[in-house]
Colleague: 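I am attaching a structure below and will ask some questions about it afterwards.
Order of appearance sets the numbers: ligands from 1, and atoms from 1 within every ligand. We're numbering straight along the sequence, starting at 1.
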Amino acid sequence: MQALELIISDIRAETPLIRTLHLRAPGGNSLPPFSPGAHLRVSIPGLADARCYSLVTFATDAAGFDAPPSYRLGVRLEADSSGGSRYMHGLAVGDTISVTGPKNDFPLHAATAGEAETVLIAGGIGITPIASMASALQAAGRPWSMHYSGRSIDQLAFRDELATLAGSALHLHADDDPDTRLDIGSLLDHLSPSQHLYVCGPKGMIDAVIDGARTRGWPASHVHFELFAAAAPLAGDRPFELELRQSGQVLTVPADKTILEVLEEAGCDPMYDCKRGECGVCTATVLEGEPEHRDYFLSDAEKASGKLIQICISRAKSARLVLDL
Ligand code: FES
């Protein structure tokens with residue numbers, strides 16, 4: 001991924017909590033190409049880890065992706081921000097930010113002759129990659145529809161641009177409106193497993209789509225998702241002992257930290273990428289103990305075997321876990 005210094009050329013409030021930042025190259029040249037679903041990693045002063053923000057575009061011509069004059073990022077101000085969204089919401093026009101990318105971990109499948117309609121499902125700020133996918137599908141003349149859900153209608157960003165882009169292919173859903181609230185089971189009941197599903201949003205929405213699609217016969221290859229949250233503690237999480245068999249270190253993983261975080265604090269240098277249990281980079285071998293799997297990477301059989309674990313997100317059911325690290 002290439003490193004870029006970009007200037008904020010425009011900022012727009014899309015909802016009370018979501019703003020978009022428009023970024024340009026200092027010399028005004030076009031920016032590196034990106035594909036729908038791609039993101040930038042933004043360096044946040046004072047934070048060790050960069051934050052990922054999806055590129056949003058409503059361009060319906062190839063140039064919007066191949067030689068974009070600017071990038072646009074959508075950022076929701078999180079109440080429990082660890083610094084990323086607060087920093088992004090504190091930027092002003094003219095400021096410079098450091099990014100790497102674009103990188104795409106959530107790509108669209110290739111077009112096929114006579115393909116069925118692709119169904120795009122977004123929750124909250126998950127609309128950013130989904131909007132770019134809609135634009136690319138529209139540009140390519142491929143069939144698609146979109147379901148976009150939020151707590152209330154005024155929290156849905158880009159409503160005017162989406163309406164212009166999608167027309168009757170757009171379905172807006174609000175949790176506080178019983179008439180439009182998104183019912184994922186009912187939606188899937190009216191679709192076919194031959195259709196590709198793309199979902200981006202909170203974990204509950206993604207889990208509902210994955211589980212609902214699986215029970216209705218969807219092949220895993222037709223269910224695409226990107227989680228917009230890192231590992232978060234769940235009620236009832238307990239500390240456990242972690243032994244690293246190769247180094248002999250014995251550590252404690254508290255209820256509010258991941259194995260990965262504890263390893264880093266102990267001076268280890270574990271491999272990781274997404275920190276959301278999606279990419280598979282952080283897989284470790286379990287020698288003793290029972291993992292509590294929270295990832296989306298391992299297969300059901302691998303999870304049932306108890307021999308592998310994604311250390312960025314999964315924990316232990318047992319009081320002690322021994323890893324081959
Ligand atoms: S870092 Fe991606 S699955 Fe753990």
Colleague: Do other residues, nucleotides or ligands put more than 12 heavy atoms under 6.0 Å from the NZ atom of K257?
Modeller: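 No, NZ of K257 has 12 or fewer neighbouring heavy atoms, counting only those of other groups under 6.0 Å.
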Colleague: For Y198 and H224, take the angle between the two ring planes, folded into 0 to 90°, and tell me which bin it lands in: parallel under 30, tilted 30 to 60, perpendicular over 60.
Modeller: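 Parallel, since the angle between the ring planes stays under 30°.
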Colleague: If the cut-off is 2.8 Å, does any N/O/S atom of C282 fall short of it from atom 2 (Fe) of ligand 1?
Modeller: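 No, C282 does not qualify, because none of its backbone or side-chain N, O or S atoms lies under 2.8 Å.
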Colleague: If you count heavy atoms of other groups shown closer than 6.0 angstrom to CZ of R238, is the number above 12?
Modeller: no
Colleague: Does ligand 1 have a heavy atom under 4.0 Å from the side chain of R276, from its backbone, from both, or from neither?
Modeller: neither
Colleague: What atoms in ligand 1 come closer than 4.0 Å to a heavy atom of G277?
Modeller: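 This gives 3 (S) as the contact atoms.
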Colleague: Strictly under 2.8 Å, is any N, O or S atom of C312 next to atom 4 (Fe) of ligand 1?
Modeller: yes
Colleague: Relative to the heavy atoms of E278, which atoms of ligand 1 are at a distance of less than 4.0 Å?
Modeller: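 Listed by number with element: 3 (S).
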Colleague: Going by the order shown, which atoms of ligand 1 are within less than 4.0 Å of some heavy atom of Q310?
Modeller: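 It comes down to these atoms of ligand 1: 3 (S).
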Colleague: Counting neighbours of CG on D189 that are heavy atoms of other residues, nucleotides or ligands and sit closer than 6.0 Å, is the number greater than 12?
Modeller: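 Enclosed: over 12 neighbouring heavy atoms sit under 6.0 Å from CG of D189.
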Colleague: Below 2.8 Å, can you find an N, O or S atom of C279 next to atom 2 (Fe) of ligand 1?
Modeller: yes
Colleague: May I ask whether F58 and I18 are part of the same hydrophobic cluster, defined by side-chain heavy atoms of I, L, V, M, F, W, Y residues being less than 4.5 angstrom apart, directly or through others?
Modeller: no
Colleague: Regarding Q310 and T283, is there a side-chain donor-to-acceptor distance under 3.5 Å anywhere?
Modeller: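 A pair is found: one side chain offers a donor N or O, the other an acceptor, under 3.5 Å apart.
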Colleague: Does ligand 1 have an atom under 4.0 Å from some heavy atom of D273?
Modeller: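 Contact check D273 vs ligand 1: positive.
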